[in-house]
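Position 1 is the first residue of the sequence; numbering continues from there. Both counts, for ligands and for their atoms, begin at 1 and track the order of listing.
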Amino acid sequence: MMKKVSISSPAFCQMCLSSWEQMEIFRDVAELREGIDRSKFSLGLVPTMGFLHHGHLSLIRTSKEQNKKTVVSIFVNPTQFNNSEDLDTYPRDLESDIALLVEEGVDFLFLPNTIQIYPEGFETEINTGSVGERLEGVHRPGHFNGVSTVVCKLLNMCAPEKVYFGQKDAQQCSVVMNMVRDLNIDVEVVVCPTVRDSDGLALSSRNIHLSEKERESALLINRALYHALNEWDKGQSDAAVLKNTVEQKILSNSLNKLEYISLANEMDFIEQAQAMPGSIISVAVVVGKTRLIDNVVLKWR
Ligand code: PAF
């Protein structure tokens, strides 16, 4: 059963958790570095923006299987939001997040505030180059620079052996892998499969904003992607045909507005005319006011 932790203040939160379970909460970098003795165990990092769901839990469980200890970070990173309304309405529920992390047996929670991550005078930013300018980058300018900068900082702060991301954010995975390679960061990037609800909708913190009707409409996203996967399995390789079937299905409900549909190479997200094993079909769809992304990767057939 889920345990509930009440947090009325950071001090209380710290106190109740340390006396209650083994999960330690660090709110600043110095405490974190002192509290996690990196010489003693292998460490996995699961960076999150909170409002945790089973997608995050699958990353945590994989990290727990692969490392002696796991640190989860929760930080709603303002620099990756190109729209202030999206940042303001990003769902948050720290109390429930902490209860879930305790339940999962997470060892450490890093809970920095904005000043910890971006102190006064902060100026350095990672430029993710061309891969970060495609697809999501077109519609959310600067998004991946913000993601990469914060992920780089979290890696420097936590110094994990492995860091975990979900395949749902495929372009983010690729951008982070490029950054790790280009900046010689000593960490292994582990990408875990997309977790879906029983109706097929890819889990996302943003799903909470969907009304019943919008959710019904959003289900067309994964149905369309899996339909294309099926067409690929049956022999269709023409990218235009595959993209067209996805587009028609998604747009069959007028609540769905398609931001982009792409069939590209999974590594650099350069569009392809002919699908091949390893190609990825990605979409961004605005359902009502909620922006959702999803993708499928084509396998050998
Ligand atoms: O995927 C996310 O939740 C965020 O982009 C991340 C990786 C935690 C960086 O803020």
Are Pro160 and Leu155 packed together at the side-chain level, in the sense that at least one heavy-atom pair is separated by less than 4.5 angstrom? yes
Donor-acceptor check, side chain of Gln116 to backbone of Val29, threshold 3.5 angstrom: yes or no? yes
How far apart are the C-alpha atoms of Arg291 and Glu136, what are their side-chain angles, what is the distance that settles it, and do they pass the salt bridge (Lys or Arg N to Asp or Glu O under 4.0 Å) test? CA-CA 11 Å; Arg291 186 176 187 278; Glu136 286 296 290; 2.9 Å; yes
If the cut-off is 4.0 Å to any non-hydrogen atom of Phe165, which atoms of ligand 1 fall inside it? 7 (C)
Hey, which atoms in ligand 1 end up nearer than 4.0 Å to a heavy atom of Gln172? 1 (O), 2 (C), 4 (C), 5 (O), 7 (C)
Donor-acceptor pairs under 3.5 angstrom involving side-chain atoms of residues 218-226: please list them, not counting sequence neighbours.
{"unit_1": "Asn222", "atom_1": "ND2", "unit_2": "Gly200", "atom_2": "O", "d": "3.4"}
{"unit_1": "Tyr226", "atom_1": "OH", "unit_2": "Arg196", "atom_2": "NE", "d": "3.4"}

Quick one: nearest non-hydrogen protein atom to atom 3 (O) of ligand 1, plus distance? Met49 CG, 3.7 Å
Going by the closest heavy atom to atom 4 (C) of ligand 1, which one wins out of Gln80, Lys168, Lys153? Gln80
Is Glu216 salt-bridged to Lys213, cutoff N-O under 4.0 Å? no
Here the atoms of ligand 1 under 4.0 Å from any heavy atom belonging to Val150 are 9 (C), 10 (O)
Proximal ligand 1 atoms for Thr48, defined as those under 4.0 Å from one of its heavy atoms: 8 (C)
